[in-house]
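The basis for the numbers below is simple: all heavy atoms, side chains too, and nothing from hydrogens, waters or symmetry mates.
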Amino acid sequence: MSISIYRLTVPMFHRGLASLKTYLDKAEAFAREKNVDPAILVAARLAPDMLSLSGQYQRASDSAKFTLARLTGTDAPKFEDNEKTFDELRERLAKTEAYLATFSAQALEGVEGRQITLPGSSGIVLPGDEYVTTFALPNFYFHVATAHAILRNQGAPIGKRDYLG
């Protein structure tokens, strides 16, 4: 028995985005309780050469929307990557979820064999199913997990249960 590309992508992306929304709620409550400027949390990063919290949200959003666009040969909506507040990050997640909701299982039927060129200059081409399982999902969850780690590092009370949903 095989699993559909739809089930591997859309529900998984929704689940990860739900975790990111939970993180925002908890980070916002933490900032209020501890009198921390929310801008500090949004700009926080684990290392100088890593993306900030907002960058992790932007890349998770991009990973979800570009995966579906590449698989279906369509254009994903473009977002400005200029979010600096919790509310702006929430808005980006909502726009991403709305885009994901436009995809049906039928829209992703047969994309397993579609040839997908990985982003960047590598020139690597993978069939759709391998693209999803070896690049798209790991990349998406990397950014979700890194957002989790940034907020934990800043002291926000986020735990494994929040990540798992």
Side-chain angles (χ1 to χ4, degrees), residues 3-71 74-105 107-108 119-120 131-165:
I3 186 166
S4 72
I5 294 295
Y6 177 86
R7 285 188 55 214
L8 280 174
T9 57
V10 176
M12 298 295 96
F13 292 145
H14 277 300
R15 184 178 181 156
L17 295 174
S19 293
L20 289 172
K21 287 192 296 190
T22 297
Y23 298 165
L24 289 176
D25 294 343
K26 289 192 168 195
E28 191 168 47
F30 169 76
R32 270 194 310 271
E33 178 186 327
K34 301 294 183 183
N35 200 28
V36 173
D37 181 353
I40 291 171
L41 296 176
V42 173
R45 55 186 77 224
L46 290 177
D49 64 343
M50 290 182 76
L51 292 171
S52 65
L53 180 69
S54 62
Q56 301 304 331
Y57 274 73
Q58 292 159 358
R59 293 314 159 276
S61 165
D62 287 349
S63 294
K65 64 187 179 126
F66 290 139
T67 294
L68 294 174
R70 288 181 185 115
L71 288 169
T74 59
D75 292 325
K78 292 181 180 25
F79 301 155
E80 293 297 318
D81 291 346
N82 58 1
E83 295 84 7
K84 294 187 180 2
T85 67
F86 292 141
D87 285 339
E88 289 171 347
L89 291 172
R90 281 188 188 94
E91 183 179 332
R92 184 181 182 118
L93 295 178
K95 290 189 298 187
T96 305
E97 288 177 318
Y99 175 67
L100 296 179
T102 67
F103 289 90
S104 65
L108 292 167
Y131 165 71
V132 168
T133 58
T134 65
F135 180 81
L137 288 175
N139 187 53
F140 175 75
Y141 280 111
F142 170 84
H143 293 294
V144 174
T146 303
H148 177 108
I150 289 169
L151 289 170
R152 287 286 295 152
N153 182 260
Q154 293 297 306
I158 294 169
K160 183 176 181 181
R161 203 64 192 125
D162 299 310
Y163 177 82
L164 295 175

Please determine whether side chain to side chain contact (heavy atoms under 4.5 Å, CB included) holds for the pair L51 and R59, giving the CA-CA distance in whole Å, both sets of side-chain angles, and the decisive distance to 0.1 Å. CA-CA 9 Å; L51 292 171; R59 293 314 159 276; 3.4 Å; yes
Test F13 against every option in Y141, F140, Y6 by the ring-ring contact (aromatic ring centres under 6.0 Å, His included) rule and name the one that passes.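 Single ring-ring contact (aromatic ring centres under 6.0 Å, His included) partner of F13 among Y141, F140, Y6: F140.
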Pairs satisfying salt bridge (Lys or Arg N to Asp or Glu O under 4.0 Å), at least one member in residues 89-105, at least two apart: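 As it turns out, the salt bridge (Lys or Arg N to Asp or Glu O under 4.0 Å) pairs with a partner in residues 89-105, which skip direct neighbours, are K21-E97, D25-R90, E28-R90, D62-R92, D81-R92, E83-R92, D87-R90.
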Roughly how far, to the nearest 0.5 Å, is [atom2] of [Y] from [atom1] of [X]?
X    : Y    : atom1 : atom2 : answer
D162 : T22  : CG    : OG1   : 6.0 Å
K34  : R32  : NZ    : CZ    : 13.5 Å
L24  : L89  : CG    : CG    : 5.5 Å
L53  : Q58  : CG    : CD    : 9.5 Å
T146 : M50  : OG1   : CE    : 4.5 Å
R70  : F135 : CZ    : CZ    : 6.5 Å

Side chain [X], main chain [Y], donor-acceptor under 3.5 Å:
X    : Y   : answer
K65  : P77 : yes
T102 : A98 : no
S52  : R45 : no

[X] versus [Y], closest heavy-atom pair with distance:
X    : Y    : value
T96  : A64  : CG2-CB, 4.3 Å
N82  : E88  : O-OE1, 3.9 Å
Y99  : A69  : OH-CB, 3.7 Å
R152 : P157 : NH1-CA, 4.5 Å
A27  : L41  : O-CD1, 3.7 Å
A31  : P38  : CB-CG, 4.2 Å

Decide yes or no on side chain to side chain contact (heavy atoms under 4.5 Å, CB included) for Y131 and L71, but give the supporting numbers first. CA-CA 9 Å; Y131 165 71; L71 288 169; 4.1 Å; yes
Trace of the side chain to side chain contact (heavy atoms under 4.5 Å, CB included) decision for N139 with T67: CA-CA 10 Å; N139 187 53; T67 294; over 6 Å; no
Which residue pairs pass the ring-ring contact (aromatic ring centres under 6.0 Å, His included) test with at least one member in residues 15-53, sequence neighbours excluded?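 Passing the test, one end in residues 15-53: Y23-H148.
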Does a side-chain heavy-atom distance below 4.5 Å link L20 with V144?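 They are in contact (side-chain heavy atoms under 4.5 Å apart), so the answer is yes.
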Is the shortest heavy-atom distance from the side chain of S61 to the side chain of F79 under 4.5 Å?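 They are in contact (side-chain heavy atoms under 4.5 Å apart), so the answer is yes.
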For L68, run the side chain to side chain contact (heavy atoms under 4.5 Å, CB included) check against T74, I5, T9 and tell me which one passes.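 The side chain to side chain contact (heavy atoms under 4.5 Å, CB included) with L68 is passed solely by T9 among T74, I5, T9.
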Qualifying residues under side-chain contact (heavy atoms from CB on, under 4.5 Å), relative to A101, sequence neighbours excluded: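 A101 satisfies side-chain contact (heavy atoms from CB on, under 4.5 Å) with no other residue.
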